[in-house]
Amino acid sequence: MSVLKLNESFVKNFVTAAELDAVAKDIRSAYATLENRSGAGNDFLGWVDLPVNYDKEEFSRIQVAAEKIKKSCDILVVIGIGGSYLGARAVIEFIKSPLYNNMKKDTPDVYFAGNTISASALSELLSICEGKDICVNVISKSGTTTEPAIAFRVFRSLLEKKYGVEGARERIFVTTDKARGTLKEFSTERGYETFVVPDDVGGRFSVLTAVGLLPIAVAGIDISALMQGAAQAREELCNSDVSQNIALRYAMYRNIFYRQGKMAEILVSYEPCAAMLNEWWKQLYGESEGKDKKGLLPDSVIFSTDLHSLGQFVQDGSRIMFETVLSIQNSGTTFAIPNDEANVDGLNFLSGAELDYVNKQAMLGTLLAHNDGGVPNLLLELADREALSVGYLLYFFELACAVSGYTLGVNPFNQPGVESYKKNMFALLGKPGYEAEKEKLTKRLK
Ligand code: PA5
């Protein structure tokens, strides 16, 4: 039985059979484009077969390196930005906890750096690292991204001071291009152990490569089960059956709502452990579809927390959105609500009830309320928070994203828009070669 289901009950009043028929044709054609590898960005399709066709020798090296890191440090600092960090952080927090670093455990803390240019964020992490044994996994496909490059300078210098150049070599692990880039060259020169971001896998599709797998393994998660889940998804979802295939059906609904004029999709979860998964999903869909003046804005919430903030807008504000709710069937935790003799809050009718049951009723009540407010809701039902289910979910979202992007008529595998801020930033910072641009920008800022 599949670990992920798509429940369409809460969209059926918002979509006609004619709309489904019309989009089905486009979805089949988009899937064929992906399958035949004939579409834009077809040199970035390595992720499609990755769950079965991955480098087994490297996979074993990742497991060995993870054991070495576990034994030799209190903290693993993972340096990377965008696709080079979101997947690992999403999986660790979803499976373990957003409070993973504060929990009792026999694996190292995992902190993420180089995903911001904030001086305070870097200083705070350095102070957390004081007196601790540290390893570093720097991840950058290009090897030249500013944010991780700055953080790597800082942590490399810290490690070299603390352990010497030789000692630091044993503690620095680099995930980058197999042959190109300054990071690769420097790693070869210094003798760091390196792992590969395959040429044909873009950053936001790279969670099942060494990019995600090494930090995930260090956190004590079974990466074989993660790959097995993704392989199961590939087996079940790589087909053009629009009547059964949940990845294609998810892509269908996204495109129907877009054509209806919706402007945003909100990914909803009732478990705080999904907050970083939401961020991973936002990058995946935002960078893949948001181009050529097209695309749904991907947004996310954690309910019931955000029912007390954005909930008002979703219920009653501009009707610009639909929701995709990720429900975890077996949350893995039992917790009964205690009785209170004084019944101060009047909640004794819930004494002894499971908190997860209450959470699920909050979800069902909200689904109906948001439907009444005119918001369609897709319901994704994930069996549990185990690695296998998570691997399945990741692949599901990647496949649906590619098909949805082709249906929208964009290249889902490039991200030209990301360059604009970099160009301006380098010009303002006075990078050699950007002199003319600097003059233009400085005038505009006066
Ligand atoms: O999805 C992408 O390609 C981007 O988000 C990149 O992952 C991000 O910009 C980091 O790039 P790099 O790994 O080259 O440092």
Side-chain angles (χ1 to χ4, degrees), residues 40-48 50 77-91 112-118 122 136-156 172-187 192 194-216 276-291 295 298 394-395 397-402 404-405 410-426 431:
N42 58 0
D43 43 350
F44 282 98
L45 295 180
W47 58 273
V48 176
L50 200 59
V77 177
V78 179
I79 297 174
I81 194 166
S84 290
Y85 101 102
L86 282 164
R89 188 160 174 195
V91 171
F112 293 87
N115 53 65
T116 160
I117 319 176
S118 157
L122 188 55
V136 166
N137 178 201
V138 57
I139 307 169
S140 178
K141 183 172 182 173
S142 61
T144 55
T145 310
T146 311
E147 292 88 340
I150 292 171
F152 185 46
R153 279 183 172 218
V154 173
F155 278 95
R156 182 164 56 81
I172 294 176
F173 299 81
V174 178
T175 308
T176 190
D177 189 88
K178 71 172 183 308
R180 280 169 305 194
T182 47
L183 187 57
K184 176 66 189 169
E185 280 165 31
F186 185 70
S187 304
Y192 299 148
T194 58
F195 299 95
V196 172
V197 192
D199 285 344
D200 55 358
V201 180
R204 58 189 176 276
F205 288 83
S206 70
V207 56
L208 298 173
T209 69
V211 171
L213 295 177
L214 180 58
I216 291 169
M276 285 308 299
L277 183 80
N278 287 348
E279 296 305 314
W280 172 82
W281 171 88
K282 276 196 242 180
Q283 189 210 358
L284 182 64
Y285 281 79
E287 258 186 17
S288 300
E289 290 198 326
K291 52 196 72 159
L394 296 172
Y395 192 88
F397 274 135
E398 289 178 355
L399 182 66
C401 180
S404 184
V410 298
N411 174 358
F413 305 110
N414 65 1
Q415 55 283 331
V418 182
E419 294 311 311
S420 307
Y421 99 90
K422 293 185 192 168
K423 195 161 67 74
N424 286 357
M425 179 179 73
F426 286 141
K431 186 171 178 175

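Atoms within a ligand are numbered from 1 in the order they appear, just like the ligands themselves. Computed from heavy atoms alone, side chains included, the values below leave out hydrogens, waters and symmetry copies.
A pairwise comparison of heavy atoms in G80 and N115 identifies O-CB, 3.4 Å as the closest pair. Closest approach of A88 to V207, counting heavy atoms only: N-CG2, 4.4 Å. Nearest heavy-atom pair, Q415 versus K291, reported as atom, atom and distance to 0.1 Å: N-NZ, 4.4 Å. Nearest approach of T175 to N137, heavy atoms of both residues: OG1-ND2, 3.2 Å. Here the shortest heavy-atom pairing between S288 and V410 reads O-CG2, 3.6 Å.
Those atoms of ligand 1 that come under 4.0 Å of a heavy atom in G203, given as number and element, are 1 (O), 2 (C), 3 (O), 7 (O). Within ligand 1, counting atoms from 1 as listed, the ones closer than 4.0 Å to a heavy atom of R204 are 1 (O), 2 (C). For ligand 1, the atoms sitting less than 4.0 Å from at least one non-hydrogen atom of Q415 are 3 (O), numbered in the order shown with element in parentheses. Per-residue contacts place I81 under 4.0 angstrom from the following atoms of ligand 1 (heavy atoms of the residue considered): 7 (O), 8 (C), 10 (C).
For atom 9 (O) of ligand 1, the nearest protein heavy atom lies 4.0 Å or farther away.
Applying side-chain hydrogen bond (donor to acceptor under 3.5 Å, both in side chains) to R180 and the options D177, T182, T176 leaves one that passes, D177. The side-chain contact (heavy atoms from CB on, under 4.5 Å) test with P215 singles out one residue from V78, V77, V91, and that residue is V78.
Nearest protein heavy-atom contact of atom 11 (O) of ligand 1 is T145 OG1, 3.6 Å. Given atom 2 (C) of ligand 1, the protein heavy atom at minimum distance is E287 OE1, 3.4 Å.
Heavy atoms of Q283 approach ligand 1 to within less than 4.0 angstrom.
Between K422 and ligand 1, no pair of N/O atoms sits closer than 3.5 Å. In terms of polar-atom proximity, defined here as any N/O pair under 3.5 Å, G83 does make such a contact with ligand 1.
Judged by the 6.0 Å distance and 45° axis criteria, R156 is positioned over the aromatic ring of F152.
Here the shortest heavy-atom distance to atom 14 (O) of ligand 1, taken over G202, A149, S142, belongs to S142.
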